[in-house]
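Order of listing sets the numbers, starting from 1, for every ligand and every atom in it. Owing to the predicted nature of the structure, the values given are computational and were not obtained by experimental measurement. These numbers come from the heavy atoms of this one structure, side chains and all, not from hydrogens, waters or symmetry mates.
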Amino acid sequence: MRILVIGSGAREHALALGIAKDPAVTELHVAPGNVGMEQIATCHPDAKKVDCPDTMVALAKNINADLVVIGPEIPLVAGVADALRAEGFAVFGPNKDAARIEGSKAFAKDIMAAAGVNTARAQQIIPGATDDEIEAALDNFGPTFVVKDDGLAAGKGVVVSPDRTVARAHVDAVLAAGNPVLLESFLDGPEVSLFCLVDGETVIPLLPAQDHKRVRDNDEGPNTGGMGAYCPLPWLPENGVQRIVDEVCVPVAKEMVARGCSYSGLLYAGLAWGEQGPAVVEFNCRFGDPETQAVLALLKTPLATLLNAVATGTLADQPALEWEEGYALTVVLAAHNYPDTPRAGDVITGAEHEAVRHAGTARNDAGELVSAGGRVLNVVGVGATLAQAREQAYAVLETISLDGGHYRSDIALPAVEGRISI
Ligand code: GLY
């Protein structure tokens, strides 16, 4: 199989590593890819316009790809999967219509209401709303306030705060950028990220994971795209994954088939496990970052074959997924001043390790590895216990240097210390 992976983050690096291990793969290309993928794939650094259907179709034709795997949400929401399918390519990733599950939070709420899925109460504020309308909407919520950018924000457009002034400031900032705002009721309880392979009404869950979205230890500081994750979740009830599949993912998949926008790809359910069980915080139409780096570290089933089964409508015929025993964990090394205005160009040393997944890295004119984005790289640890997976990841991280770089030291620590209960 000749495979093209679209994207350039640590998630795509993890996908490329998994795909490269599959004996069915004869050629692996990544567009545009990153420095870390150069050893395992042909990178196409000029193919940066990943949301341009014509560019991606031309590249897939040039490579004669048997399968195209689309990593980020932006090309999916832009209809790149539709354009590739129209040219006869097998594609892992939903069409534009189905990608609205992430691209439009109002659409996602509508699907959930029709499918009877438990989620937060929500109200939209549109650009042009008056001061009185905004204040009246805020009166219906909080504290705690949950204010979301109802456009594509890659997990970064959410402010969760007990402080109404902070909430109002985010409402104003999102409206000023021309996007609608979604106010939501706060869902209490530990967060779960469950990724499901979805092929029409066939739904197969991967291992449940937990992200750490705040920038600093003890969940302090602003939200980020995610600072670390681990899987599986030792505190989740034994039937936890099945409940999420039965109560959330299957009803949503069926509702999408019924509406004529059948889902094909990865459905990411972001949930809070409250007193009543799982409630949906958000859906994404792609693998999550950084959870994917941990989840795929434990997958034994050949990844390319699995993604191809989704893309060709044969997921129901696949054997049960196989997983390594134990736990996996990933920690993000972020650039100086992330998430505000991350500094680029700082030299990174010690990153030549198989546990490293690259994201915002590049080479400078002297050939040195330097920071080139907010989340610079991830380190993955695996172990028989979660504590061992933590030790392994942090031991590698301590050998990597990045001026001004920072990472959380408490990824998975509450789970290791038994401090998460539901
Ligand atoms: N883990 C957050 C995201 O992928 O959006």
Pair up each side-chain donor or acceptor in residues 267-276 with any protein partner under 3.5 Å, not counting sequence neighbours, and list the distances.
{"residue": "Y268", "atom": "OH", "partner": "E291", "partner atom": "OE2", "Å": "2.8"}

Go through ligand 1 atom by atom and flag the ones less than 4.0 Å from a non-hydrogen atom of [X].
X	value
E291	1 (N)
N284	5 (O)
D211	1 (N), 2 (C)
G225	1 (N), 2 (C)

Donor-acceptor pair, side chain of H212 and main chain of G226, under 3.5 angstrom: no
Parallel, tilted or perpendicular: rings of F195 and F287 (30°, 60°): perpendicular
Any side-chain donor near an acceptor of the partner, N140 and Q123, under 3.5 Å: yes
Min heavy-atom dist G288 to ligand 1 below 4.0 Å: yes
Any R286 heavy atom less than 4.0 Å to ligand 1: yes
Geometric N/O contact Y268 with ligand 1, under 3.5 angstrom: yes
side-chain hydrogen bond (donor to acceptor under 3.5 Å, both in side chains) against E184, all qualifying residues, sequence neighbours excluded: K109, K148
Euclidean distance, S409 OG relative to D217 CG, rounded to 0.5 Å: 3.5 Å
